[in-house]
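Written below as structure tokens is the structure these notes are about.
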2 protein chains.
Amino acid sequence: MAATSTDTGDRPLHPVARELAASTGFLLARLGVAFRGTAVVAVDDAGFEIHDYPVLAILGEADRETQATIADAIGLDPSRLVALLDSLERRDLVVRARDPHDRRRHVVRITAAGRVELGRLRALAGRIEEAFFEPLADGERAALHELLVRLAERHDPRCCPLDDPDC
Amino acid sequence: MAATSTDTGDRPLHPVARELAASTGFLLARLGVAFRGTAVVAVDDAGFEIHDYPVLAILGEADRETQATIADAIGLDPSRLVALLDSLERRDLVVRARDPHDRRRHVVRITAAGRVELGRLRALAGRIEEAFFEPLADGERAALHELLVRLAERHDPRCCPLDDPDC
DNA sequence: TATTGTTATACTCTATAACTATA
DNA sequence: TATAGTTATAGAGTATAACAATA
């Protein structure tokens, strides 16, 4: 098996080209997949699915969400969201109900059990974040976050709620 | 079709949960895929394949590379690298030759035409980078890069050549 | 006719496992 | 027996298209 990014001291790592390492966008992309990778294994180890948190979090903040709005927010195809909500519903973390005003729509709500699970996921996410950004001091983390928010305003505005004080 | 991140003013964007937008790791991951997405379309529009640049760049800096070292550096499975090198070889951008000291090995070298193409890709990468980080001032870009390098030292050391002054 | 959620299908990536030729 | 490259296969993830119910 090839060495992974979490290996420690077995040093025959073959580096990328220096001109690529000098590219901020390249680093951004590589670190993005690195973060997602650690999150996926941590979430999986804890018995969750990777998309549980984004969905439950959105329902925790604004219930009465419809499936199309959830899919749009988390960048998931509506057809994929179906199986995801099926899974959450089987675990009694969300409920789907027909919208009486437009019976084509499903209104999705988080349940009490869903809020408990959301709390666990939030704590887990905090631990993942803490471990990943451990090399940076608090001030540096804040500076990084602010720079990323500035980029997100341009390139991924769904990550910048208009009433978010960070934006 | 769902609105994409490159849309301009048609505003019914559904934001992610505020608690997710507050997560630096989440922003990192989302912006990483956003950058990669813009790079993929720009490279494709220019008639290249997305992995051409990492491979040619590594060969441009240190020729006599073997396939295993290239695959390890750019985080690609050796079996996938085969087709990639086939494509580059068909276009006469690289050559494969048996290593006389170990006839199992292929030594991969960049050609003169490959160096020309590498120059084009380097210029294109520069334009992509410039466009993506346009919201940030020069000093902010440098600060961001330095913070990302610090994280890469921990989480993706292949992105940090040991003799790189940035590291 | 258009839209919401759903189902079915296809396509891309990626990971794994065999195969060959060398060592 | 083990290794480098290759090929073949299978799996996950994603995108696209068709469908039923409702507007």
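A note on names: the letters A, B, ... follow the listed sequences, proteins ahead of strands, and every chain is numbered from 1.
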What is the distance from [atom1] of [X] to [atom2] of [N], rounded to the nearest Å?
X: A/His101; N: D/dT22; atom1: NE2; atom2: C1'; answer: 16 Å
X: B/Glu65; N: D/dA4; atom1: CD; atom2: P; answer: 14 Å
X: B/Asp102; N: D/dA2; atom1: CG; atom2: P; answer: 17 Å
X: A/Asp44; N: D/dA12; atom1: CG; atom2: P; answer: 12 Å
X: B/Asp99; N: D/dA4; atom1: CG; atom2: C1'; answer: 11 Å
X: A/Leu76; N: D/dA15; atom1: CG; atom2: P; answer: 8 Å
X: A/Asp72; N: C/dT4; atom1: CG; atom2: P; answer: 12 Å
X: A/Arg104; N: C/dT4; atom1: CZ; atom2: P; answer: 6 Å

Identified side-chain contact (heavy atoms from CB on, under 4.5 Å) partner of [X] from the options [options]:
X: B/His51; options: B/Val43, B/Leu85, B/Leu76; answer: B/Leu76
X: A/Ile70; options: A/Leu84, A/Val108, A/Val94; answer: A/Val108
X: B/Leu27; options: A/Leu144, A/Leu147, A/Val149; answer: A/Val149

Requested in this report: Step through the shown structure and confirm whether more than 12 heavy atoms of other residues, nucleotides or ligands are within 6.0 Å of CZ on B/Arg103.
Outcome: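 No.
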Requested in this report: Respond yes when some side-chain nitrogen or oxygen of A/Arg96 is under 4.0 Å from OP1 or OP2 of C/dT6, and no when none is.
Outcome: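 Yes, A/Arg96 has a side-chain N/O under 4.0 Å of OP1/OP2 on C/dT6.
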Query raised in the report: Mapping B/Ser79 and A/Ser79 onto DNA chain C by nearest heavy atom, which one lands closer to the 5' end?
Result: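 The residue closer to the strand's 5' end, by nearest nucleotide, is A/Ser79.
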Query raised in the report: If each of B/Arg80 and A/Leu85 is mapped to the nucleotide of DNA chain C with the nearest heavy atom, which maps nearer the 5' terminus, i.e. the 5' end?
Result: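 Going by which nucleotide is closer to the 5' end, it is A/Leu85.
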Query - From C/dT6, D/dG5, C/dT4, nucleotide with atom closest to A/Gln67 side chain - result: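 Ranking C/dT6, D/dG5, C/dT4 by closest atom to the A/Gln67 side chain puts C/dT6 first.
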Query raised in the report: Of the nucleotides D/dT7, C/dT4, D/dA4, which one has an atom closest to the side chain of B/Val82?
Result: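 In terms of side-chain proximity for B/Val82, the closest of D/dT7, C/dT4, D/dA4 is D/dT7.
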**Report entry** Geometric class of the A/Phe133/A/Phe35 ring pair [parallel <30°, tilted 30-60°, perpendicular >60°]
**Finding:**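 Aromatic pair A/Phe35/A/Phe133 classed tilted.
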Query raised in the report: Looking across every strand, which nucleic acid part, if any, lies under 4.0 Å from A/Asp77 by heavy atom: base, sugar-phosphate, or nothing?
Result: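 Base, at least one base heavy atom under 4.0 Å.
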Requested in this report: Looking at every strand, decide which applies to B/Arg98 at a 4.0 Å heavy-atom threshold: base, sugar-phosphate, or nothing.
Outcome: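 No contact.
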